[in-house]
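Note that this is a predicted model, so its numbers are computed, not measured. Sequence positions, counted from 1, serve as the residue numbers for this chain.
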Amino acid sequence: MNTLRVGNFSGFYGDRFDALREMLTGGALDVLTGDYLAELTMLILGRDRLKDPAAGYARTFLRQLEDCLGLAHERGVRIVTNAGGLNPAGLAERVRELAGRLGIPVRVAHVEGDDLAAAHPGALAAHAYLGGFGIAECLRAGADIVVTGRVTDAALVTGPAAAHFGWGPADHDRLAGAVVAGHVLECGTQATGGNYAFFREGDVRRPGFPLAEIHADGSCVVTKHPGTGGFVDVGTVTAQLLYETGGGRYAGPDVTARLDTVRLSQDGPDRVRIEGVRGEAPPPALKAGLNRLGGFRNEVVFVLTGLDVEAKAALVRGQLSDALAKSPPGEVRWDLVRTDRADAATEETASALLRLVVRDPDQQVVGRALSGAAVELALASYPGFHVLAPPGKGTPYGVFEDVYIPQGAVDHMAVLHDGRRIPVPPPHETRELADVPPQPLPDPLPPGPTRRAPLGLVAGARSGDKGGNANVGVWARTDDAWRWLAHELTADRFRQLVPESRDLPVTRHPLPNLRALNFVVEGILGAGVAAQHRFDPQAKALGEWLRSRHLDIPEMLL
């Protein structure tokens, strides 16, 4: 066949349970992929495994499969998923047991070699991001279901594509095309109108899950099953392409995809063609993620209503600081959120929020010490004293760290359905990463009248997290808007619009083919999502905040 139809039924651990059945019954498919893993998920699964060494995988996948295994077998759809998490062999065995109980003859294989726990004692989870060739070996040997641990999200698509078309490690352009397709599919309905800046342009109450029609040259068309909700257009695909990426080189274990070469075009209703993607040899280093417990955290949110908000905040801060001085937590953070309005019609809109977050290796320091001190102020502090909820005993929080190891330092292994173990060698050719050469920007717009207005009237954005860093992709929808955006939204202007970033490294990566700018803000998320460093710990809404900021925008664009 000249086309491989690959769909997605899960973008995270907890995604729509019925999606597997919806995708199997909605139209023709060859392969279905399910992505369950994120940095925070690995921490959750690590804690599961502490309680039960046989755990460590996404349990919901088994329940989904119990409902749909017969349907997938009947329709000849193969399933590839990273739901194996920290225990792919254990999940593969559970799937075999399920298939036997249901009387359905399926061949189950798995991929292992990502677990680096032996080299990183003390880590709750330590895993390398493997590529797609282990998956390809399993599929070439006839597997119906392939379970992996930590692979790159895009590997769930590059593996099936390599197996189907016979690609090898040197087919860099073809592999890069599949990486881009995999990156668009990996977050499920984010490619079909979910979480989309211009969501009012379609019915996104229940978006359908995406699929890609992949061709032998690595190009593809992103679409969805007929009659499903949401929509697919150049904007929804652009938004997902920018999500959690950085510059023009998007590195992975199999290939480095050149995002600056991607070309998008509308290929009909709910169809976007992706072509022109160039690939390069992957870097010599393999990314690995370490999750460990960072200590314990607690928080309390004081409600400050009406007049004298600043003075009320100063009073309670002083009282709590004195009370905690006997056994001070390792980290204390106060944030005053001015949600209050003058002469408000409701008590809620007359109130500001003062958030106190404490962290320490000792649970007692952030538990009883804080809760006792806060509760004792109930009748002895500012007028109108109350809190959103009383502080608890203190909860553990996680810390994520990226490390890099040589490509050959892992034992990447395809464990076939018949028990054979096939080693997957590292790539023969590698290439050190470097910034892409600067590309010419369009000519700026000629001078003309401007109006103070939100950036979001002329640009879309999507943001996300990578460890302690955040990325914000911003794109224009017309050539004229791109001419303005490319010159107006510099790294310095970004810092002005996002004050949190003013003392942090901010790197701007132009992607002219996409009429887009990708900003990487280093350190804004502290030690990662599990550390709960800021109000929006995964920076999911950072792009929407940026879109709400006002600039002097040419009237011809409004």
Side-chain angles (χ1 to χ4, degrees), residues 10-15 34-63 81-95 110-130 134 147-153 155-156 186 244 286-298 359-363 366 392-405 409-413 415 464-469 525-533 537-538:
S10 175
F12 69 101
Y13 191 9
D15 209 342
D35 181 11
Y36 290 78
L37 301 185
E39 294 162 4
L40 181 60
T41 313
M42 300 299 281
L43 181 71
I44 293 169
L45 295 178
R47 294 178 64 184
D48 285 349
R49 195 170 57 170
L50 285 178
K51 302 172 187 175
D52 178 4
Y57 53 80
R59 299 174 186 272
T60 52
F61 173 67
L62 276 179
R63 298 204 303 272
T81 179
N82 60 16
L86 280 58
N87 188 7
L91 178 56
E93 187 57 33
R94 300 291 85 74
V95 173
H110 74 274
V111 176
E112 58 186 39
D114 59 302
D115 195 338
L116 304 177
H120 297 277
L124 196 58
H127 293 263
Y129 290 75
L130 303 181
V147 173
T148 78
R150 199 34 154 158
V151 296
T152 64
D153 300 337
L156 300 177
E186 71 183 58
E244 295 182 345
L286 198 63
K287 179 181 174 181
L290 306 184
N291 293 86
R292 59 182 173 82
L293 291 177
F296 296 86
R297 74 183 295 278
N298 206 348
R359 305 174 194 270
D360 198 85
D362 187 346
Q363 187 174 16
V366 302
K393 298 179 180 178
T395 57
Y397 69 90
V399 172
F400 178 83
E401 178 187 2
D402 283 342
V403 298
Y404 290 86
I405 60 176
V410 297
D411 296 321
H412 191 175
M413 191 74 63
V415 184
D465 63 307
K466 279 296 181 184
N469 302 338
L525 303 181
V529 55
Q532 298 284 305
H533 178 73
Q538 290 181 278

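More than 12 heavy atoms of other residues, nucleotides or ligands lie within 6.0 Å of CG in Asp362, so this atom counts as buried by the packing criterion.
Minimum interatomic distance between Thr81 and Leu156 (heavy atoms only, all atoms of both residues): C-CD2, 4.1 Å. Contact between His110 and Ala89 at its shortest, heavy atoms only, is NE2-CB, 3.6 Å. Taking every heavy atom of both residues into account, Thr148 and Pro88 meet most closely at C-CB, 3.7 Å. The minimum heavy-atom distance linking Asp153 with Glu186 is given by the pair OD2-OE2, 2.9 Å. Scanning all heavy atoms of the two residues, the minimum distance from Tyr36 to Ala83 falls at CD1-CB, 3.6 Å.
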Open item on the list: Could you walk me through whether Arg49 and Leu124 satisfy the side chain to side chain contact (heavy atoms under 4.5 Å, CB included) test, starting with their C-alpha distance in whole Å, then the side-chain angles of each, then the deciding distance to 0.1 Å, before giving a yes or no?
Closed with: CA-CA 9 Å; Arg49 195 170 57 170; Leu124 196 58; over 6 Å; no
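A cation-pi arrangement is found for Arg359 relative to Tyr397, the charged atom lying closer than 6.0 Å to the ring centre and inside a 45° cone about the ring normal. By the 6.0 Å and 45° rule, Lys287 stacks over the aromatic ring of Tyr129.
Judged by distance alone, with hydrogens and angles left aside, the side-chain atoms of Glu401 form no donor-acceptor pair with the main-chain N or O of Asn291 at under 3.5 Å. Remark: the backbone N or O of Arg59 is paired with a side-chain donor or acceptor of Tyr13 at under 3.5 angstrom.
When Asp115, Asp48, Leu45 are each tested for a side-chain contact (heavy atoms from CB on, under 4.5 Å) with Leu86, only one passes: Leu45.
Scored by the side-chain contact (heavy atoms from CB on, under 4.5 Å) test, Asp114 finds His127, Leu130, Arg150 as partners (sequence neighbours excluded).
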